[in-house]
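Notes follow once the structure below has been shown.
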Amino acid sequence: MEPWDVTIVGGGVLGTSFAYWLAARYEGRIAVLEKEANVAAHTSRRNTGVVHRPFYLDPQARRVFARCAQVAYGMWKGYAERRRLPWRPIGTFEVATRPEGVGRLDKYFGWGLANGMGEDELQVLTAAEVRRHEPNVRSHGAIWSKTDTAVDYESFTKSVREDAEAAGARFLLGSEVAAVDVKADHLEVRFAAPDADLVYVDPRRRIRARISQGAEPLRTRFLLNCAGGNSIDLAHRLGVGLEYTDLHFRGEYWEIDPASHFLASRNIYTVPRHPDLPFLDPHWIIRADGRREIGPNAVPVAGPYTYRGFGNPSEIPHKIFESPLRNKLRLLVNPDFLTLAAEEWASSISKRVMTKRAREFLPALKEDNLIRPGTAGVRASVVDRRGIFMKEAIELAGPHSYHITNYNSPGATGAPAYAAWTVLRLARSGLLDHLKPRATKRPGPWDFDAVTAAIEAPAAPPSEAMVAVAGTGPKQP
Ligand SMILES: Cc1cc2nc3c(=O)[nH]c(=O)nc-3n(C[C@H](O)[C@H](O)[C@H](O)COP(=O)(O)OP(=O)(O)OC[C@H]3O[C@@H](n4cnc5c(N)ncnc54)[C@H](O)[C@@H]3O)c2cc1C
């Protein structure tokens, strides 16, 4: 059988967006290899479900995520409308719980504008104004991001999968990539089988996998690694990104008793105590279906799919001592990491501690209001040689392959824009030269040229422009 032209490992929101753009723009055989029975089975479903507006992203240090989030807002908005998917504009108050946090609100206002948000989408509020809008919220002031929106990224991803399939991409579900062998002009992908014996696929790096011995390997001319929490491991299998390692932190939410939903009618975030670890501060979230949740914490776990407990005890030493060990040793002197250890792990899964922390901005909240565990998702944080947590997504070229790792929040927001822009850059660098561009533009939900031009423009255009662009595709019945 002829090799596939491109295989994408990972059917999360990112891999699925890539599948759509590649199939829409190129002729050729494009496949998504997803180990689960459906797309969006992991982080792309188990997240907070917010389309984040980029007011809190430094336009320089977080430029890529900021720009992609800004452009993708209009894309998702138009898409949700046309496909009749949940779109609940909630708005977010990011509140200063300490006087020293107030200065940050003006900074966020400036960042939001620099990232392309409109002045009518942001407002800095005094403590009294916050109380007028949200009487139960205590603060020293807030920034109000009026267009933050609650969505369901699982349904978005499933719908984009349909678009990708309509454009010609194939989704090979239940296909877990265990090993990849490099050949002269292609790769051979071998699959895992749950009942196979663990064998070393790379003894030097102590990487073991359950390889399905009988099955034919899949041949591909190019592989795009979008394996989320597994992406660094997969890159290592191809000898790529060996300077990086990762740690997994489970973020857990608690669902709020409906009788207490009145406590706040918008998302309430707080100005982070440690701006480099913003995921440590709990927030009050309104879900697309109206549920309210409080969280998350950040519990260290053995692997990307450890949604309960701490993971298989036999995997924990492997995770701690896996190569490169130096990165993890350096972490032990990294102040961010020490903060995480001191402030977060002690509180771990405790409902009492979570309530106490949320009371900083919602003093009326009681422990009894947290009725059951809500969403739990695992964040894979990549650590470099200096023992520093990386902030932006990391892209690495490898043999017949390209690897995207550390693709964290607000990654779901920015995915369709980031995927389009990355396809453009891959094409410019010649990595897609083996694909034949389609002679005529396919109708579809978004306009590639408009999206990529908006990302590359000095300042992203107002989001309304992208809604107009998004409106060029066919209407769904
Ligand atoms: C707690 C939490 C809350 C978040 N909240 C938000 C939010 O509100 N808004 C926002 O914009 N972002 C949010 N994010 C970030 C966002 O969810 C992620 O950036 C995004 O979902 C990443 O998508 P992905 O496709 O890269 O990864 P994933 O969704 O993890 O997809 C990777 C896929 O690869 C598959 N895979 C892995 N290994 C293999 C293999 N060997 N073979 C085959 N398949 C494989 C997996 O099964 C998985 O389906 C949140 C993240 C977390 C952890």
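First listed ligand is number 1; within each ligand, the first listed atom is number 1.
- Under 4.0 Å from ligand 1, not a single heavy atom of Ala40 appears.
- Lys35 CD, 3.8 Å is the protein heavy atom nearest to atom 39 (C) of ligand 1.
- At least one N or O atom of Asn47 sits closer than 3.5 Å to an N or O atom of ligand 1.
- One side chain, Tyr153 or Thr413, offers a donor N or O that lies under 3.5 Å from an acceptor on the other.
- Between His283 and Tyr269, the ring planes lie parallel to each other; the angle is under 30°, not in the 30° to 60° tilted range.
- If you look at Trp76 and Phe156, their ring centroids are closer than 6.0 Å.
- Shown in contact with Gly411 at under 4.0 Å from a heavy atom are these atoms of ligand 1, numbered in order with element: 11 (O), 12 (N), 19 (O).
- Checked against a 6.0 Å centroid threshold, the rings of Tyr56 and Phe65 do not count as neighbours.
- Residue contact annotation: Pro296 has no non-hydrogen atom under 4.0 Å from ligand 1.
- If you look at Ser175 next to ligand 1, the close heavy atoms, those under 4.0 Å, all belong to the backbone.
- Near Leu33, with a cut-off below 4.0 Å to any heavy atom, the atoms of ligand 1 are 43 (C), 44 (N).
- Where the criterion is an N or O separation shorter than 3.5 Å, residue side chain and backbone included, Arg46 fails it with respect to ligand 1.
- Given atom 23 (O) of ligand 1, the protein heavy atom at minimum distance is Ser44 OG, 3.3 Å.
- In Thr16, neither the side chain nor the backbone holds a heavy atom less than 4.0 Å from any atom of ligand 1.
- Applying the 4.0 Å criterion to heavy atoms of Tyr305 picks out, from ligand 1, the atoms 37 (C), 38 (N), 46 (C).
- Checked by distance only, ligand 1 and Leu14 come closer than 3.5 Å through their nitrogen or oxygen atoms.
- Neither the backbone nor the side chain of Phe65 has a heavy atom within less than 4.0 Å of ligand 1.
- Under a 4.0 Å criterion applied to the non-hydrogen atoms of Tyr407, ligand 1 contributes the atoms 18 (C), 19 (O), 22 (C), 26 (O).
- Side-chain contact between Asp163 and Arg83 is present, with at least one heavy-atom pair separated by less than 4.5 Å.
- Ring geometry for Tyr108 versus Trp111: interplanar angle of 30 to 60°, hence tilted.
- Taking all atoms of both residues into account, the shortest heavy-atom contact from Asn230 to Tyr305 is ND2-OH, 3.5 Å.
- The protein non-hydrogen atom at the shortest distance from atom 3 (C) of ligand 1 is Thr48 OG1, 3.2 Å.
- When hydrogens are left out, the protein atom nearest atom 13 (C) of ligand 1 is Ser409 OG, 3.5 Å; that is the closest non-hydrogen contact.
- Taking a cut-off of under 4.0 Å to the non-hydrogen atoms of Pro410, the atoms of ligand 1 that pass are 10 (C), 11 (O), 12 (N).
- When only interatomic distances are considered, the shortest N/O to N/O separation between Val13 and ligand 1 falls below 3.5 Å.
- The proximity of Val50 to ligand 1, defined as any non-hydrogen pair under 4.0 Å, involves the side chain as well as the backbone.
- In Glu36, the part holding a heavy atom less than 4.0 Å from any atom of ligand 1 is the side chain.
- Protein heavy atom nearest atom 16 (C) of ligand 1, with residue, atom name and distance: Ala412 N, 3.7 Å.
- The shortest heavy-atom distance from Val9 to ligand 1 is under 4.0 Å.
- Heavy-atom distances between Gly295 and ligand 1 stay at or above 4.0 Å for every pair.
- Atom 30 (O) of ligand 1 has as its closest protein heavy atom Thr43 OG1, 3.1 Å.
- We find that Glu2 and Arg29 are not joined by a salt bridge, their nearest charged nitrogen and carboxylate oxygen being 4.0 Å or further apart.
- Close contacts of ligand 1 with Gly10, meaning ligand atoms under 4.0 Å from a residue heavy atom, involve 33 (C), 34 (O), 35 (C).
- The protein atom (non-hydrogen) at minimum distance from atom 42 (N) of ligand 1 is Val177 N, 2.9 Å.
- Interface of Gly12 with ligand 1, defined as ligand atoms under 4.0 Å from a residue heavy atom, comprises 25 (O), 29 (O), 31 (O), 33 (C).
- Considering backbone and side-chain atoms together, Val378 places no N or O closer than 3.5 Å to any N or O of ligand 1.
- Assignment of Phe249 to the shell around ligand 1 is not supported, since no heavy atom sits closer than 4.0 Å.
- Here Arg45 has no heavy atoms under 4.0 Å from ligand 1, in either its backbone or its side chain.
- For atom 48 (C) of ligand 1, the closest non-hydrogen atom on the protein side is Glu34 OE1, 3.4 Å.
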